[in-house]
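Worksheet: one structure, shown below.
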Protein chains: 2
Amino acid sequence: MMTSVDTDLIRVLGDPLRLQVVTLLAREALCTSHLVEETGAKQTNLSNHLRVLREAGVVETEPCGRFTYYRLRPDVFEQLAGRFAALAQTARLTAEANFKRSCP
Amino acid sequence: MMTSVDTDLIRVLGDPLRLQVVTLLAREALCTSHLVEETGAKQTNLSNHLRVLREAGVVETEPCGRFTYYRLRPDVFEQLAGRFAALAQTARLTAEANFKRSCP
DNA sequence: GGCTGATATCAGCTCTGGATGATGTGAGAG
DNA sequence: CTCTCACATCATCCAGAGCTGATATCAGCC
């Protein structure tokens with residue numbers, strides 16, 4: 001079954017600061033100092049969250065001298081959007097047809 | 001700005017058991033005992049998670065005698081899918097055009 | 001080489017959030 | 001009315017996740 005929309009990925013995106021970072025990175029590649037400036041979060045904290053995003057495959061890094069550019073991986077979000085769209089579609093169908101399992 | 005894809009909603013969906021429930025409910029409306037049976041989780045635990053889903057507006061309930069039917073609200077997922085699709089699109093554009101803010 | 005600035009890692013604290021057992025509520029069967 | 005069953009709520013426990021300060025790494029500049 002196509003059930004499991006990888007929980008870990010959603011979990012990673014369920015944090016306010018991380019989602020803010022993701023939203024910022026969607027528009028342009030940024031390095032850590034930019035993100036510190038934009039979010040107001042401390043460097044250490046941000047670096048920890050970026051590590052989480054990196055390990056989840058949400059972002060990729062490109063070293064540039066002393067700086068490190070972070071950019072979003074669009075395919076991750078395309079897949080995620082697709083999963084949710086599919087879920088929405090089956091839910092819509094279920095709602096319209098009023099599918100329900102009878103009480104035992 | 002259309003930035004903030006409501007973190008709370010994503011957070012709610014970022015739990016394995018809750019996502020499993022959502023996936024089950026996408027196909028057919030079920031009552032708690034069904035979900036207990038399907039997931040193998042304890043009734044109390046499941047009831048707690050259902051409360052979270054209810055308060056997040058993800059599911060709606062319909063009492064039916066002693067039973068309570070849970071059904072998914074498709075619009076929630078349609079919106080969510082739309083948000084992620086938009087995010088994916090801007091990220092795709094950014095990646096192809098290689099938008100990056102210059103290092104200070 | 002030594003220094004500075006950018007970023008990552010580590011260790012520790014705190015507190016949220018999930019799991020569980022006991023209990024409350026409310027509807028139907030007898 | 002009473003008993004049972006479906007479900008919700010409450011109180012508690014504990015692991016995990018986020019925040020922070022200190023430290024390590026690593027690249028460029030002098």
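Protein chains get the first letters and strands the later ones, always in sequence-line order, with residue 1 at the start of each. We use all heavy atoms of the structure for the numbers below, so side chains are in, but hydrogens, waters and symmetry mates are not.
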Nucleotide of dC7(D), dA19(C), dA8(C) approaching Gln43(B) most closely (side-chain heavy atoms): dC7(D)
Side chain of Ser33(A) only, heavy atoms from C-beta on: which candidate in dT9(D), dT9(C), dT7(C) is closest? dT7(C)
Does dG18(D) have OP1 or OP2 under 4.0 Å away from a side-chain N or O of Arg18(A)? yes
Think Lys42(B) has a side-chain N or O under 4.0 angstrom from the OP1 or OP2 of dG21(C)? yes
Does Tyr70(A) place a side-chain N or O at less than 4.0 Å from the phosphate oxygens OP1/OP2 of dA6(C)? no
Considering only dA8(C), dT9(C), dA8(D), which nucleotide approaches the side chain of Arg51(A) most closely? dT9(C)
Scan Thr68(B) against the nucleic acid and name what it touches under 4.0 Å (heavy atoms): base, sugar-phosphate only, or nothing. sugar-phosphate
How close or far is atom P of dA8(D) from atom CD of Glu55(B), stated in whole angstroms? 12 Å
Note: for Tyr69(B) and Thr44(A) on DNA chain D, the residue whose nearest nucleotide lies more 5' is Tyr69(B)
Shortest non-hydrogen contact from Ser102(B) toward Tyr69(A): CA-OH, 3.6 Å
Gap between atom CZ of Arg83(A) and atom CG of Leu19(B) - 0.5 Å precision: 9.5 Å
At less than 3.5 Å, do the side-chain atoms of Asn48(B) and the base atoms of dT20(C) form a donor-acceptor pair? yes
Which is more 5' along DNA chain D, the nucleotide nearest Thr32(B) or the one nearest Ala41(A)? Just name the residue. Thr32(B)
Closest approach to the side chain of Asn45(B), judged atom by atom: which nucleotide of dC19(D), dA8(C), dA19(C) is it? dA19(C)
Please confirm whether the shortest side-chain N or O distance from His49(B) to OP1 or OP2 of dG17(C) is below 4.0 Å. no
Could you tell me how far apart Asp15(A) (CG) and dA17(D) (P) are, to the nearest whole angstrom? 12 Å
Name all residues meeting the side chain to side chain donor-acceptor pair (under 3.5 Å) criterion together with Glu55(B); count only those two or more places apart in sequence or in a different chain, and write none if there are none. Arg51(B)
How long is the line joining CG of Leu17(A) and C1' of dC19(D), in whole Å? 11 Å
Protein heavy-atom contacts under 4.0 Å, written 5' to 3' over nucleotides 24-30 of chain C as B (base), S (sugar-phosphate only) or - (none), form the string ---BS--
Of the non-hydrogen atoms in Tyr70(B) and Leu25(B), which two are nearest, and what is the gap between them? O-CD2, 3.3 Å
Between Arg11(A) and dG16(D), is there a side-chain N or O to OP1/OP2 distance below 4.0 Å? no
